[in-house]
Amino acid sequence: NKIVCVNINAGKLCYLRRWPQENYGELIFGLRHQFGIKTVLIGGKEDISYVDQFVKNLSNKIDIYNFCGKLSIKELIGLFSRSHLLITNDSGPLHIASIIDLPTVSFFGPETPRLYGPLGPRHQVFYEDIFCSPCINIYNSKQSNCRDNICLKSIKPQTVIQTIEANN
């Protein structure tokens, strides 16, 4: 089976950068059904409760390996070296994966992939260029008044699955 790492977190700098949990659930379930993947959840110690809640909501549907808060950076790189794909929000693990050339699927909205996105054909970036995006940048000290990240909510899991399918 292919190992796919999934990072549903975005760091405490801006929780608006999180693609909705239900979308991640639908995506993981769809990929598992189509490709027989093994899903490994990653994240830092500060993400444990968020990820545990996600796993609890999915527990009856699929097996997930939850490594959130359990890996050092060195161990994370080791996991990435054995993985086939990282699916993530705009976050630190995305940048690590792009450095070691692990293919990625990433979600941007409050920040622009034009500045912070991975480069190259092995990286699929999802970004809905809507009127209010990006809403966080260096000019506003990476703060936003946004209360509804429609820029990320408008990215549909089925579109992501179709893109992954077309590139595998």
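Values below: all heavy atoms of this structure, side chains included; hydrogens, waters and symmetry mates excluded.
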Verify same cluster id: Val125, Leu94 (apolar side-chain graph, 4.5 Å) | yes

Is Phe80 close to Ile42 at the side-chain level, that is, under 4.5 Å between some pair of heavy atoms?
-> yes

Locate the shortest heavy-atom distance separating Glu128 from Ser154; write the atom from each residue and the value.
-> CG-OG, 3.1 Å

Has Leu115 got more than 12 heavy atoms of other residues, nucleotides or ligands less than 6.0 Å from its CG?
-> yes

Output yes when a side-chain donor or acceptor of Asn66 lies under 3.5 Å from a complementary backbone atom of Cys68, and no otherwise.
-> yes

Can you find a side-chain donor-acceptor pair between Tyr127 and Asp90 that sits under 3.5 Å?
-> no

Gap between atom NE2 of His123 and atom CG of Leu119 - 0.5 Å precision | 8.0 Å

Please report the C-alpha distance between Arg122 and Asp101 in whole Å, then the side-chain angles of each, then the deciding distance to 0.1 Å, and finally whether the side-chain contact (heavy atoms from CB on, under 4.5 Å) criterion is met.
-> CA-CA 8 Å; Arg122 294 172 53 90; Asp101 204 31; 3.4 Å; yes

Taking side chain as C-beta onward, heavy atoms only, is Gln53 less than 4.5 Å from Asn57?
-> yes

Note: Ile28 and Thr39 closest approach over all heavy atoms is CG2-OG1, 3.4 Å

Using a 4.5 Å cut-off on heavy atoms from C-beta on, say whether the side chain of Pro113 contacts that of Ser106.
-> no

Shortest non-hydrogen contact from Ile155 toward Phe108 = CD1-O, 4.1 Å

Working to the nearest 0.5 Å, report the span between CD1 of Ile87 and CZ of Phe126.
-> 9.5 Å

State, yes or no, whether a side-chain contact exists between Val6 and Ile64 at a heavy-atom distance under 4.5 Å.
-> no

Is it true that Ile96 and Leu79 fall in one hydrophobic cluster, defined by side-chain heavy atoms closer than 4.5 Å?
-> yes

Close side-chain approach of Trp19 and Pro157, heavy atoms under 4.5 Å | yes

Below 4.5 Å, heavy atoms only, C-beta onward: do Val105 and Thr163 meet side chain to side chain?
-> no

Does Val51 belong to the same Ile/Leu/Val/Met/Phe/Trp/Tyr cluster as Phe67, with side-chain heavy atoms less than 4.5 Å apart forming each link?
-> no

Over all atoms of both residues, closest heavy-atom pair of Ser83 and Leu102 = O-CD1, 3.4 Å

Taking all non-hydrogen atoms of both residues into account, name the closest pair between Asn7 and Pro93 and its distance.
-> ND2-CG, 3.7 Å

Hey, what do you get for CG (Leu152) to CZ (Arg17), rounding to the nearest 0.5 Å?
-> 10.0 Å

Do Phe29 and Val55 sit in the same hydrophobic cluster, where Ile, Leu, Val, Met, Phe, Trp and Tyr count as joined when their side-chain heavy atoms come under 4.5 Å apart?
-> yes

What heavy-atom pair brings Gln21 and Ile8 nearest, and what distance separates the two atoms?
-> NE2-CD1, 4.2 Å

Do Val160 and Phe107 come within less than 4.5 Å of each other through their side chains, counting heavy atoms only?
-> yes

Would one find more than 12 heavy atoms of other residues, nucleotides or ligands at under 6.0 Å from atom CG of Asp148?
-> yes

Is the number of heavy atoms from other residues, nucleotides or ligands under 6.0 Å of Tyr65 OH greater than 12?
-> no

Quick one: are Leu27 and Leu31 in side-chain contact, heavy atoms under 4.5 Å?
-> yes

Give a yes or no on whether Ile48 and Leu76 share a hydrophobic cluster (residues Ile, Leu, Val, Met, Phe, Trp, Tyr; joining criterion: side-chain heavy atoms under 4.5 Å apart).
-> no

